[in-house]
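Below, chain A is the first sequence line, B the second, and so on; all start at residue 1.
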Amino acid sequence: MADNRNEEQAVVFYLREQTYGIDIDSVLEIIRMESIVQVPGTPHFIEGIINLRGRIVPVMDLARWFGLEASEITSSSRIIIVEAGESTVGMIVDSVSEVLRFPVSCIEPPPPMIGNMEFIRGVALFDQRMIILLELARVLREEEKTALDQLDMNALKSYV
Amino acid sequence: MFSDVEMMVFMEELEEKIQLINDNVLLLEKDGESPAVIQEIFRAAHTIKGSSAVMGYEKMSRLTHEIENLFDRLRQGTMKVTTPMVDILFEALDTLKALKDEITGDAGEVDEAPVIQKIKSCLGETGGCAPAAAETPAPAGPVVSEQPDGTFKDMLQIDDILENMVREAEVRGYQAYKINIEVDPGTQMKNVRAFLVFESLQQVGDIIRSIPSAEDLQDGKYDQGFTLVLFTKEDQGEITNLLMSIAEISRVEVVPLEINGHVADGDTAVENNFGQQAAEVNETRKDSGDIKKAAAPHMEKTTIKTVRVDVQKLDSLMNLVGELVIDRTRLDRFSEIFEGKYGSDDLAENILEISNHLGQVTTDLQDEIMKARMLPVATVFNRLPRMVRDIAQKLGREIDFIVEGQETELDRNVIEIIGDPLIHLIRNAIDHGIEPPEERVALGKPRTGRVKLKASYVESHIVITLEDDGRGMDAAKLKATAVKKGIITGEAAARMSDREALELIMAPGFSTAQVVSDVSGRGVGMDIVRNQIEQINGTVELDTSVGRGTTFYIKLPLTLAIIRALMVSLGEQVYAFPLTNVQETLAIKREEIKLIRHNEVIVVRGRVLPLVRLSNIYQMEEADEERLYVVILGSAERRIGVVVHRLIGEQEIVIKSLGNYLGQITGLSGATILGDGRVALIVDARGLVKELGTEELAYAAN
């Protein structure tokens with residue numbers, strides 16, 4: 001299996017007509033949309049929490065994280081449950097297409113022009129397609145968590 | 001090297017013996033010398049000495065050897081217990097604990113020499129007999145070196161069967177030994193000692209006979225010792241060493257078994273007999289095998305009763321049970337559907353029955369796992385007598401410390417947290433509560449102050465009470481202090497009831513001690529105590545009467561993972577309020593809500609309470625209903641009313657965290673999964689009340 005080193009496997013999904021890929025090792029499972037319980041006091045891109053077989057898992061809307069309009073939920077919408085570091089998070093995407101195997105050699109670094117692209121690990125040009133590979137650790141990065149921590153009771157106080 | 005199991009046995013025994021010495025030294029100090037107590041300590045020290053030497057922990061063995069010497073002297077009456085001696089003993093105990101930590105790797109290298117020196121000087125000072133130094137080089141093979149001070153009673157009767165078996169064994173190259181074993185008279189677990197003996201011997205040979213019988217030995221039904229017949233290829237010394245490595249075996253005698261007055265050491269004449277009696281021998285061998293087989297399972301039952309389990313494993317078990325619950329609820333729904341479709345068909349009824357049974361089993365399973373997470377409060381309480389003694393001595397108090405209900409069990413998380421607040425309260429009781437002995441005598445009270453700590457079950461809670469017969473607290477004085485410190489205004493103080501005044505001691509920055517000592521009186525104590533206890537959903541209350549003493553009542557939940565909660569709904573969403581913070585619920589009409597400036601309030605029994613709408617806090621839509629429900633939450637002296645749409649009822653819920661990614665969210669303390677698989681958010685009632693609630697005290701002042 002010498003191939004393994006030169007090949008990568010990614011879960012490929014669509015979000016607003018764009019093709020993205022996540023390293024298959026960090027994907028725990030892919031589930032259909034289910035009822036999400038909103039959690040107050042969380043950043044705008046957090047949709048809420050779900051019950052994943054007895055485990056509470058937060059779900060984020062990847063589109064809103066990217067700064068796009070909130071996702072429209074359709075029958076093809078999916079939640080990809082990913083794990084990065086200590087966190088397990090669900091990400092809402094428009095649809096999941098396949099698990100793709102492609103040679104490492106076809107991964108290009110992210111183009112330098114477009115501002116802060118830390119969350120992109122690279123772009124795979126494979127089989128006439130362009131797949132944006134996400135750097136999950138960056139998507140679920142620390143700053144977002146501290147932003148959560150900073151939401152304080154002042155926000156609540158204004159409602160009284 | 002020693003196996004993990006052996007190591008564990010050693011550590012457990014060590015811990016037990018250290019605790020035993022600790023308790024008894026305390027007794028010694030309190031009640032003065034008593035032969036029983038001295039004997040107890042002597043034995044415990046002796047055991048540690050023996051086992052630590054076997055395990056190769058020389059420092060420990062040296063130290064306990066000195067302790068043993070000291071108590072030997074006390075036992076013989078050539079020395080008397082003195083206060084400095086007790087102090088040295090405690091120091092020695094601390095060193096012993098440190099040595100234990102050194103072994104487990106919890107602490108660095110420990111120097112035992114200074115304390116040994118102290119014990120020795122203690123010995124030299126008073127005793128004046130043989131210098132202790134002469135006795136020191138003993139530890140290496142400690143107990144073996146002891147001279148037997150009497151001969152063993154010969155209980156073994158050699159009959160034909162045994163004789164034949166011995167002969168046969170010798171043919172196969174085994175030597176038969178008669179082994180006399182004597183255990184420490186004070187040993188707690190005679191059956192365990194016997195089991196260990198059997199275990200060790202069966203590794204090197206076969207036990208053919210035992211007197212008393214193996215069954216009796218397993219049940220600990222023997223006096224000082226017992227006799228065994230062993231067939232082995234090992235030599236005498238080897239077996240002696242093996243047996244002496246077992247703790248609390250005080251004496252071992254291994255002698256070759258004599259048959260018909262002769263030592264059977266491979267006599268050739270045996271062979272002649274052998275052929276002739278082969279059949280018989282076979283039969284007896286089978287018999288002996290049966291005895292052993294019968295003995296073994298029984299042994300396991302009586303000795304191996306506990307298994308150590310990682311708490312994480314219990315947690316994941318708990319999660320799995322949670323999943324089972326959810327599946328069961330789903331199954332319930334299916335059976336309903338079946339019933340609707342096929343009427344009261346047998347199949348449908350079967351499913352219902354299965355689902356019910358499953359539900360019962362899951363509930364039981366959950367309970368059992370919860371129980372497995374429990375520890376007796378003794379793990380905390382045991383540390384306290386020593387602390388009480390130290391504080392009392394430092395402050396010149398005389399304290400009789402009584403502990404009750406150590407066996408009461410609590411979730412280990414609760415136990416971890418409860419230690420600090422308890423220490424604080426006990427310190428306060430001794431420092432502020434109990435008067436110095438002279439003062440007590442002058443007041444006509446017994447010279448020795450009494451502090452009683454008790455744990456007991458009350459419904460689904462545990463109540464820990466701490467009672468002292470000291471000064472008690474004077475509400476008027478408390479008020480005056482609080483006013484002086486600017487905690488409340490003079491006006492507020494005047495309106496305050498005595499009960500409320502008592503609560504003042506838990507206000508931040510309140511301390512009544514005139515002098516700031518290093519024991520208590522830093523003015524941070526009581527509010528921290530209350531905080532810590534409330535963190536684990538507990539409550540603190542107190543009762544006091546001037547001149548008679550103070551009692552604290554700490555009410556704790558049995559577990560942290562499961563709480564009782566009031567379930568409410570807001571639109572489609574379900575929220576849970578921890579029941580410990582819920583004071584009461586009210587149904588109100590809309591017009592009962594009043595406005596003070598822009599803030600909504602309601603009046604409950606003449607008291608103005610601020611209102612919060614859950615829908616506002618959680619940015620949900622407000623239902624325009626005529627009838628609303630208010631949940632009144634309270635934490636410490638603050639109160640707040642929370643408007644919700646509907647009350648669902650009380651329920652036990654399993655608290656789950658929101659996960660690392662979301663971390664701590666203001667206003668929420670977690671989430672839970674309901675029976676039908678839906679997720680409910682748990683309201684951080686304490687936080688809410690703290691931020692938004694009004695202090696009753698302040699209100700009283702307005």
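Using a 4.5 Å cut-off between heavy atoms, Ile36(A) makes no contact with chain B at all. Only the side chain of Leu668(B) comes within contact range of chain A, with at least one heavy atom under 4.5 Å from a heavy atom of that chain.
Within 6.0 Å of CD on Glu72(A) lie no more than 12 heavy atoms contributed by other residues, nucleotides or ligands. Crowding of Glu591(B) atom CD: a count of heavy atoms from other residues, nucleotides or ligands under 6.0 Å exceeding 12.
Within residues 56-63 of chain A, the residues approaching chain B closer than 4.5 Å by heavy atoms are, in numerical order, Ile56(A), Pro58(A), Met60(A).
Among residues two or more places apart in sequence or in another chain, the ring-ring contact (aromatic ring centres under 6.0 Å, His included) test is passed with Tyr20(A) by Phe13(A), Phe66(A). For Thr88(A), the side-chain hydrogen bond (donor to acceptor under 3.5 Å, both in side chains) criterion is met by Arg55(A), not counting sequence neighbours.
Looking at Arg613(B), Arg590(B), Lys594(B) one by one, the single match for salt bridge (Lys or Arg N to Asp or Glu O under 4.0 Å) with Glu600(B) turns out to be Arg613(B). The only option from Ile107(A), Leu100(A), Val123(A), Leu125(A) that meets the side-chain contact (heavy atoms from CB on, under 4.5 Å) definition with Ile131(A) turns out to be Leu100(A).
Applying the salt bridge (Lys or Arg N to Asp or Glu O under 4.0 Å) definition to pairs two or more places apart or across chains, those involving residues 29-42 of chain A are Glu29(A)-Arg53(A).
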